[in-house]
Amino acid sequence: MSSGTAPAAPLVAMLALESPGLPNVANLTSFFDGTWPEQPAIQETSRVDDMLVFHVSGTRGAVAAATHPIPWEELEGPSAAAWWWPEAEARLRAHKAHAIATLAGDAGSLLERTMLLTRLVASAAAS
């Protein structure tokens with residue numbers, strides 16, 4: 001980041017869940033590292049209450065557990081547009097909790113950071 005440049009805004013994603021809770025750390029890191037071996041590995045993880053904190057690829061990230069569903073107003077448009085997922089509305093209306101994933105840092109381009117967040121969310125979903 002050059003002097004005078006504002007830091008990059010954090011990226012945020014939500015993961016609808018059938019029940020509240022955090023992903024298993026070992027499963028998340030194993031899935032991430034095994035699925036994307038060209039990506040630098042997750043370097044550090046810690047758990048703080050209902051939040052998993054990690055460092056990867058020069059960025060800081062977190063996955064936090066929420067015990068309530070994502071408000072339907074947030075999902076109605078995306079589920080209607082999900083032509084590739086015909087059961088999106090039924091599945092999303094039925095979810096009971098969610099996790100919020102965030103990624104902060106200036107390492108890489110916006111596209112690279114967005115891909116990293118997508119990989120982290122996929123790893124959380126798989127674990």
Side-chain angles (χ1 to χ4, degrees):
M1 181 171 80
S2 63
S3 108
T5 304
L11 301 176
V12 179
M14 291 186 282
L15 176 62
L17 302 171
E18 293 177 356
S19 61
L22 287 173
N24 176 287
V25 176
N27 291 348
L28 184 148
T29 56
S30 176
F31 184 89
F32 182 91
D33 296 343
T35 304
W36 297 285
E38 74 287 351
Q39 175 77 50
I42 294 176
Q43 300 155 342
E44 178 183 327
T45 60
S46 60
R47 186 175 173 151
V48 179
D49 298 323
D50 285 337
M51 183 169 42
L52 173 63
V53 180
F54 54 86
H55 293 87
V56 62
S57 214
T59 61
R60 298 168 314 281
V63 177
T67 58
H68 57 280
I70 301 167
W72 181 245
E73 308 80 66
E74 300 285 329
L75 298 173
E76 187 172 14
S79 70
W83 55 267
W84 64 92
W85 188 20
E87 63 277 2
E89 181 176 347
R91 294 286 305 275
L92 290 172
R93 280 191 181 272
H95 83 283
K96 304 291 186 227
H98 69 284
I100 302 168
T102 62
L103 192 66
D106 295 328
S109 67
L110 176 58
L111 177 60
E112 290 167 329
R113 291 191 317 273
T114 303
M115 290 299 296
L116 177 58
L117 179 63
T118 301
R119 290 172 176 163
L120 290 166
V121 169
S123 299
S127 59

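In terms of heavy-atom proximity, P40 sits nearest to S57 at CG-OG, 3.7 Å. The two residues A97 and A66 make their nearest non-hydrogen contact at CB-O, 3.2 Å. Considering every non-hydrogen atom in both W36 and A122, the closest pair reads CH2-CB, 3.9 Å. Contact record, L117 with A101: CD1-CB, 4.0 Å, taken as the closest heavy-atom pair. Listed here is the closest heavy atom pair of V121 and A13: CG2-CB, 3.8 Å.
The ring pair (Phe, Tyr, Trp, His ring centres under 6.0 Å) pairs that include a residue from residues 102-121 number zero, where partners must be two or more places apart or lie in different chains. Listed by first then second residue, pairs satisfying ring pair (Phe, Tyr, Trp, His ring centres under 6.0 Å) with a partner in residues 63-102 read H68-H98, not counting sequence neighbours.
Taking CG of L22 as the reference point, atom OG of S127 lies at 9.5 Å (rounded to 0.5 Å). A distance of 9.0 Å separates CG in L28 from CG in D33, rounded to the nearest 0.5 Å. Note that CG of L17 is 11.0 Å distant from OG1 of T67, once rounded to the nearest 0.5 Å. In this structure, CE on M14 lies 5.0 Å from CD on E74, to the nearest 0.5 angstrom.
Counting heavy atoms from C-beta outward, V56 and F32 have side chains that approach closer than 4.5 Å. With contacts defined as side-chain heavy-atom distances shorter than 4.5 Å, the pair I42/L120 qualifies. Using a 4.5 Å heavy-atom threshold, the side chains of V63 and L15 count as separate. Within the 4.5 Å cutoff, no side-chain heavy atoms of T114 are placed close to those of L103.
Residue L92 is grouped with residue V12 when hydrophobic side chains (ILVMFWY) are merged at heavy-atom distances under 4.5 angstrom, including chains of intermediate members. Linking ILVMFWY side-chain heavy atoms closer than 4.5 Å, directly or via other members, places L116 and L111 in two distinct hydrophobic clusters.
Within 6.0 Å of the CZ atom in R60, the count of heavy atoms belonging to other residues, nucleotides or ligands does not exceed 12. Environment of CD in E18: sparse, with no more than 12 heavy atoms of neighbouring residues, nucleotides or ligands closer than 6.0 Å.
Counting only distance, with no hydrogens or angles, the side chain of R113 and the backbone of G108 share a donor-acceptor pair below 3.5 Å. Judged by distance alone, with hydrogens and angles left aside, the side-chain atoms of S79 form a donor-acceptor pair with the main-chain N or O of E76 at under 3.5 Å.
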Table please: side-chain donor-acceptor pairs of residues 45-53 below 3.5 Å, with sequence neighbours left out.
{"from": "R47", "atom 1": "NE", "to": "D49", "atom 2": "O", "distance (Å)": "3.1"}

